Amino acid sequence: SLQNDEYSLVFQPQISCQTGKTVGVEALLRWTTADNQRISPDIFIPILEQTGLIHDVGHWVLEQTLQVHNRLVKKGFPPLRFSINLSVVQFRKKDFVLDVSKLIEESQVDPKYIELEITESMLSENFPDTIEKLVKLKELGINIVIDDFGRGYSSLHRLESIPFNRIKIDKSITDGITLKRKKAVIAEAIVSLAKTLMVDITVEGVETKEQVDFLKGIACDEIQGYYFSKPLSEEALAEFLKKEMLQAP
Ligand code: C2E
Ligand code: CA
Ligand code: CA
């Protein structure tokens, strides 16, 4: 599929609560098969993981993302932060950190514009090795994000040993945040935890204006979700950014 160009990437804007502008984008992988079927990443990523193909595809995802970053800068847009998702399997590879650092060096992208999203499940296996790799990635200047926070077993005691810059609140908490008092309280508690740990907070799966207003009220940093934009092709992202630049500040 990689050789047949069946994979592509889409990019979902992450909007600053303070400025209302796009400050980052998350790269999301898409697969359209030769007979034109679109398969959901929730289905094909576990297969890539089981077969070990995730190493090559993950490499491709980072390589492409860095190229898109550079192309947008060449087009005159201010440099944007790009996040990519990592699979636990990629972390098991001995040379993973070296691979990442080589790709970034070749691309000449400043690592401060790169975020790697990891999930809590990644922390459940071979913890010391994972931490060592995360520390090395962070030393390179890359940002580390804890994705899907609140979905699984939030191992709070582990937060102390993980180097990370951002927490993403999972959609399962965002859903009903304005309707259910308990969910609102949980979101507020996570935001305050993030502030105390001096890390940023992004809320994902935000679909309504009511949710946006609520989240601005509890001082979350960034919002990602269909309310602002679905994941976009590279061309559509450039259009989105252009429109945003033309809007009054
Ligand atoms: P994720 O990292 O939690 O990504 C967010 C998912 O929520 C994306 O689904 C996105 O399209 C969807 N989403 C964003 N905003 C909204 C919203 O407002 N409402 C709703 N209902 N959904 C929203 P997607 O693209 O299908 O990706 C599913 C999962 O597949 C991702 O979840 C991530 O875990 C994984 N994935 C995607 N791309 C990659 C990749 O390049 N590498 C790896 N390892 N995993 C990936
Ligand atoms: Ca993610
Ligand atoms: Ca997520």
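Order of appearance sets the numbers: ligands from 1, and atoms from 1 within every ligand. Quantities reported herein were computed from a predicted structural model and do not represent experimental measurements.
Interface atoms of ligand 1 facing E26, defined by a heavy-atom separation under 4.0 Å, are 2 (O), 4 (O). Residue-ligand proximity, D148 to ligand 1, at heavy-atom distances under 4.0 Å covers atoms 3 (O). Close approach to E207 involves these atoms of ligand 1, each under 4.0 Å from a residue heavy atom: 17 (C), 18 (O), 19 (N), 20 (C), 21 (N). Near L86, meaning under 4.0 Å from one of its heavy atoms, ligand 1 places the atoms 44 (N). Residue contact check: D42 has heavy atoms under 4.0 Å from atoms 28 (C), 29 (C), 30 (O) of ligand 1. Each of the following atoms of ligand 1 lies closer than 4.0 Å to a heavy atom of G225: 15 (N), 18 (O). Taking every non-hydrogen atom of V61 and a distance limit under 4.0 Å, the qualifying atoms of ligand 1 come out as 41 (O). Atoms of ligand 1 lying under 4.0 Å from any heavy atom of P231, numbered from 1 in the order shown and given with element: 11 (O).
Closest of all the heavy-atom pairs between N70 and S107 is ND2-O, 3.0 Å.
In this structure, a donor-acceptor pair under 3.5 Å is present between the side chains of E115 and S83. Counted by atom type alone, Q18 and K216 present zero donor-acceptor pairs between their side chains at under 3.5 Å.
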Task: Intermediate values then yes/no, ring pair (Phe, Tyr, Trp, His ring centres under 6.0 Å), Y113 and F82 - done: CA-CA 6 Å; Y113 295 120; F82 277 71; 9.2 Å; no
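Put simply, part of D147 is less than 4.0 Å from ligand 1, judged by heavy atoms.
Distances from atom 2 (O) of ligand 1 to the heavy atoms of I223, T208, N85 show the closest one on N85. Selection from E117, K171, E204, Q64 by nearest heavy atom to atom 5 (C) of ligand 1 gives E204. Scanning Q211, Q224, Q12, K168 for the heavy atom closest to atom 15 (N) of ligand 1 points to Q12. Heavy-atom proximity to atom 24 (P) of ligand 1, evaluated over P41, S83, G58, S40, is greatest for P41.
With a 4.5 Å cut-off on side-chain heavy atoms, E63 and H59 count as touching. Residues L193 and F149 meet the side-chain proximity criterion, which asks for heavy atoms closer than 4.5 Å. Residues V109 and V73 have side chains not in contact (no heavy-atom distance under 4.5 Å, counting atoms from C-beta outward). Side-chain contact check for L66 versus L103: some heavy-atom pair is nearer than 4.5 Å.
Under the 4.5 Å side-chain heavy-atom criterion for ILVMFWY residues, no single connected hydrophobic cluster contains both V10 and I84.
The proximity of L28 to ligand 1, defined as any non-hydrogen pair under 4.0 Å, involves the side chain as well as the backbone. Under 4.0 Å from ligand 1, the heavy atoms of I45 that appear belong solely to its side chain.
A cation-pi arrangement is present between R158 and F127, with the terminal nitrogen or guanidinium carbon under 6.0 Å from the aromatic centre and inside a 45° cone about the axis. Figure legend: K75 and F77 shown without cation-pi pairing, the cationic atom not lying both under 6.0 angstrom from the six-membered ring centre and within 45 degrees of its axis.
In this structure, K171 does not pair ionically with E204, as no charged nitrogen and carboxylate oxygen lie closer than 4.0 Å. By the 4.0 Å N-to-carboxylate-O rule, E132 lies close enough to K136 to be salt-bridged with it. K242 and E239 are joined by a salt bridge, as a carboxylate oxygen and a charged side-chain nitrogen come within less than 4.0 angstrom of each other.
Between T202 and the options E26, E117, E222, a side chain to side chain contact (heavy atoms under 4.5 Å, CB included) holds for only E222.
For atom 7 (O) of ligand 1, the nearest protein heavy atom lies 4.0 Å or farther away. Shown here, atom 32 (O) of ligand 1 is out of close reach of the protein: none of its heavy atoms lies under 4.0 Å off.
Atoms CG and OG1, from L215 and T174 in turn, are 7.0 Å apart once rounded to the nearest 0.5 Å.
For atom 41 (O) of ligand 1, the nearest protein heavy atom (residue, atom name, distance) is L29 CB, 3.5 Å. For atom 16 (C) of ligand 1, the nearest non-hydrogen atom of the protein is Y226 CE2, 3.2 Å.
Around the Ca ion (ligand 2), protein N, O or S atoms at a distance under 3.0 Å total 4; waters are neither shown nor counted.
Considering backbone and side-chain N/O atoms, R30 comes within less than 3.5 Å of an N/O atom of ligand 1.
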